[in-house]
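What you see below is based on every heavy atom in this structure, not just the backbone, and it leaves out hydrogens, waters and symmetry mates. In what follows, residues are counted from 1 in the order of the sequence shown.
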Amino acid sequence: MEELVTITGTVEYITFRNNENGYTVLDFSSGGELFTATGNVGELYCGEKVTFSGKWSVHPTFGKQFRIEGCQREMPETAADMLSYLSSGIIKGVKEKTAQKIVERFGEDTFSVIENCPERLAEIKGISRERAREISTEFKKRAAEREALISLEKYGMTTAECLRVFKVFGKNSVATVERNPYLLCSEGIGITFDKACEIAARLPVPPADEYRISAGIIYAVRHNLYNGHTCLPREKLIPPCCDLLGCNEETIEIHLDKVIEQKQLVSDVISGREFIFMPDIYNAEKRAANTVLFMKRYAPKCFCDIDEEINKAELISGVLYNEQQRLAIKLAVEKGILILTGGPGTGKTTTLRGILRVFESQGLEVALAAPTGRAAKRMSELTGRDAQTIHRMLEVEWDRNDRPVFQRNKRNPLSAGAVIIDELSMVDIVLFSSLLDALPIGCRLVMVGDSDQLPPVGAGNVLHDMINSKALPVVELKEVFRQAMESLIVTNAHKIVSGEIPELSVTDKDFFFMERNSPFLAAKTVTELCSARLPKAYGYSPLEDIQVLCPSRKGESGTVNLNKHLQNAINPPAKHKREHNFGQRVFREGDKLMQTKNNYNIPWTSKEKEGLGVFNGDIGLLEKIDEPAHMLYVRFDDKTAEYPFEAGAELEHAYAVTVHKSQGNEFEAVVMPVSGVVEQLAYRNLLYTAVTRAKKLMILVGSRNTVERMTLNNSKAKRYSALKSFIMLGEDG
């Protein structure tokens with residue numbers, strides 16, 4: 001790993017500053033040389049003397065630059081330095097002339113006067129007593145931030161981390177960290193437990209060990225949210241905590257009881273077994289269970305002849321619904337809540353259109369939504385109605401710690417009389433609970449999904465838990481329609497989900513298998529297919545129509561390696577294409593990119609409107625790199641998002657993505673390498689999910705043995721969740 005270098009000098013000019021996260025572009029002089037430095041440094045001012053730590057890089061257009069990873073600063077001590085500080089505009093209400101008058105009057109006592117005797121500023125002509133107090137208040141605020149940054153950076157924290165700490169703890173930041181550095185592991189700051197341990201080791205007085213043990217236990221529970229678990233059995237939690245903290249079981253048990261007593265974790269006994277939850281996740285599962293049962297028990301009354309309405313819908317659409325489809329439409333109207341599930345070709349879309357027609361014939365305002373932008377767009381195309389992401393429907397905003405806050409909730413519910421959600425299999429418990437909170441009393445809810453697909457990336461197993469509770473109305477469509485049977489994608493998908501080996505020998509339909517007996521050859525063939533063969537044979541766009549789906553990120557045929565090959569083949573370097581390095585990755589204009597986490601701060605514009613927020617799994621094209629402004633412009637379907645460079649870490653190449661990341665999307669053509677798949681990923685519903693992402697063409701490249709192994713392996717990674725149990729308990733109660 002490249003070592004950090006340190007360099008001391010003077011800030012000459014601030015080119016750009018993002019006030020939200022402290023990202024700054026500046027000119028810096030050191031040893032008679034002027035150069036550009038970039039990074040999260042917070043508030044700096046022209047003339048300030050600082051020491052940066054970071055790495056040198058050479059930009060193809062702008063030359064030598066210094067990427068700042070740490071910044072050490074000192075409060076100005078001389079009158080000249082104080083003048084530079086006040087003249088920089090960093091203190092609201094103080095401009096250059098005013099700064100000069102203040103420093104001329106008070107000299108090296110300037111800062112002491114502003115902080116401790118602000119009324120003396122009124123001795124200067126043009127400064128009223130009120131303005132003097134305002135200057136003092138702003139100065140103290142800035143001074144507290146700077147002093148906190150200076151102190152916290154000594155403990156090995158980056159400037160960006162220091163800024164997050166100050167945002168949460170304010171002027172008490174240093175005292176709080178020195179007393180208990182493990183508070184930094186909280187969600188609002190997000191420092192890892194390992195990093196908190198490193199900071200603790202640098203403190204002048206070691207913190208109490210009980211802080212470390214309690215924080216480690218909470219960290220272990222929170223960490224498992226990223227593995228999909230909403231809770232953990234107590235006996236499963238103890239051993240990893242012992243390993244992490246180097247404690248015996250008795251010590252962990254004692255401290256676990258303490259954090260439960262302090263309500264930092266929640267304990268609940270389910271079917272005679274104790275489970276441990278994060279409080280917000282526990283509340284989300286509890287609320288969701290209570291709400292769906294309430295909706296079932298107090299379904300809105302139906303004042304029409306449902307069968308007659310269904311007959312009218314058949315007449316209008318020219319479709320004859322089968323028995324299960326008619327049942328689904330009837331239950332959607334009568335029961336207030338319905339889960340509609342089924343594989344490809346079973347008529348989910350036709351049924352959904354029928355439900356929509358009957359709802360609308362009853363004068364209901366119907367809202368349609370899906371977890372991702374692409375899924376919402378597809379839903380809109382299939383129904384002929386406007387659909388949006390669940391986040392957008394709930395009018396997402398964010399709090400001071402960049403956590404989502406939905407404006408639609410119990411106090412401000414949606415106005416819809418019915419809500420239809422597609423791709424429910426990928427909705428996690430937090431989003432699902434927030435959706436239920438926003439439904440008005442009497443609103444009907446229809447949830448559509450394929451229960452055989454992968455569970456959501458986030459915590460929970462919402463669709464499976466609700467179906468398996470057997471407490472809610474569920475219609476599973478099983479009959480594959482004749483026209484769908486003509487597609488080998490559809491018939492092979494049903495074979496896979498039934499544990500039958502898919503047909504791999506047919507060469508004249510929409511599903512192909514190309515045998516390549518090594519990951520290297522599979523990767524080579526995948527690259528050729530996407531860059532040349534499929535565009536030539538079918539006219540497909542490598543960027544818009546073809547998607548490579550991989551079981552894993554790692555290996556010769558994983559996403560990391562394939563993205564490098566595909567980028568070089570599909571979007572090679574050219575003089576007219578600007579590039580920018582983000583760590584080991586090179587982003588180039590024209591690249592296919594994916595957003596890897598929800599970011600509610602990214603602004604976007606379209607022809608019709610503008611807004612904020614780009615979400616995990618959104619795929620777009622990098623249209624422009626603006627080096628002077630340090631911005632990336634990425635087009636996601638009909639909207640263009642504006643990324644400051646520091647947010648580029650949330651993007652990655654998307655020529656190839658994992659099957660997990662593809663959920664909620666459909667693609668004209670899918671190419672999937674099936675060679676060298678590790679055992680823990682060689683399972684049935686991963687293969688099934690990949691196949692059902694393809695609309696018109698599916699190509700598997702690799703080992704026949706791997707395809708067979710995945711099809712026959714119906715084991716699924718254990719995912720602990722409590723929604724099913726809470727629904728069943730509520731139903732019994």
* Kindly determine whether Glu666 and Arg693 satisfy salt bridge (charged side-chain N to carboxylate O under 4.0 Å, His left out), including the steps that lead there. => CA-CA 5 Å; Glu666 272 191 348; Arg693 300 305 89 204; 5.6 Å; no
Do you see a donor-acceptor pair shorter than 3.5 Å between the side chains of [X] and [Y]?
| X | Y | result |
| --- | --- | --- |
| Gln407 | Asn412 | no |
| Tyr282 | Asp268 | yes |
| Asn665 | Ser662 | no |
| Glu650 | Gln595 | yes |
| Glu476 | Thr341 | no |
| Ser715 | Asn713 | yes |

* **Spatial distance of atom CD (Glu178) from atom CG (Leu203) [nearest 0.5 Å]** => 6.5 Å
* **Qualifying residue, where the test is side chain to side chain donor-acceptor pair (under 3.5 Å) with Tyr688 and the options are Asp450, Asp452, Asn492** => Asp450
* **is_close_aromatic(Phe277, Tyr720), centroid dist under 6.0 Å** => no
* To do: Kindly say whether the aromatic ring centers of Tyr182 and Phe193 come within a distance under 6.0 Å.
  => yes
Would you say [X] has more than 12 foreign heavy atoms packed within less than 6.0 Å of its [atom1]?
| X | atom1 | answer |
| --- | --- | --- |
| Glu235 | CD | yes |
| Gln680 | CD | yes |
| Gln262 | CD | yes |
| Lys195 | NZ | yes |

* Asked: Does the pair Leu256 and Ile238 meet the rule for a side chain to side chain contact (heavy atoms under 4.5 Å, CB included), with working shown?
  -> CA-CA 9 Å; Leu256 176 54; Ile238 303 299; 4.0 Å; yes
Salt bridge or not between [X] and [Y]? Use side-chain N to carboxylate O under 4.0 Å.
| X | Y | value |
| --- | --- | --- |
| Glu731 | Lys296 | yes |
| Arg234 | Asp257 | yes |
| Glu652 | Arg553 | yes |

* **Flag, side chain of His494 to backbone of Pro344, donor-acceptor distance under 3.5 Å** => yes
* Asked: Is a side-chain donor or acceptor of Thr658 paired with a backbone partner of Ser552 at a separation under 3.5 angstrom?
  -> no
* Asked: So Gln325 and Val475, side chain to side chain contact (heavy atoms under 4.5 Å, CB included) or not? Walk me through it.
  -> CA-CA 8 Å; Gln325 290 175 311; Val475 174; over 6 Å; no
* Heavy-atom distance under 4.5 Å between the side chains of Cys247 and Cys242, does that happen here? -> no
* **Audit row: Ile496, Arg684, side chain to side chain contact (heavy atoms under 4.5 Å, CB included) steps and yes/no** => CA-CA 7 Å; Ile496 290 166; Arg684 183 183 300 170; 3.9 Å; yes
* To do: Quick one: do Gln264 and Ile217 satisfy side chain to side chain contact (heavy atoms under 4.5 Å, CB included)? Show the steps, please.
  => CA-CA 10 Å; Gln264 296 181 76; Ile217 293 169; over 6 Å; no
For residues 458-465, which side-chain N or O atoms pair as donor and acceptor with protein atoms under 3.5 Å away, sequence neighbours left out?
| from | atom 1 | to | atom 2 | distance (Å) |
| --- | --- | --- | --- | --- |
| His464 | NE2 | Ser451 | O | 2.7 |
| Asp465 | OD1 | Ser721 | OG | 3.4 |
| Asp465 | OD2 | Ser721 | OG | 2.7 |

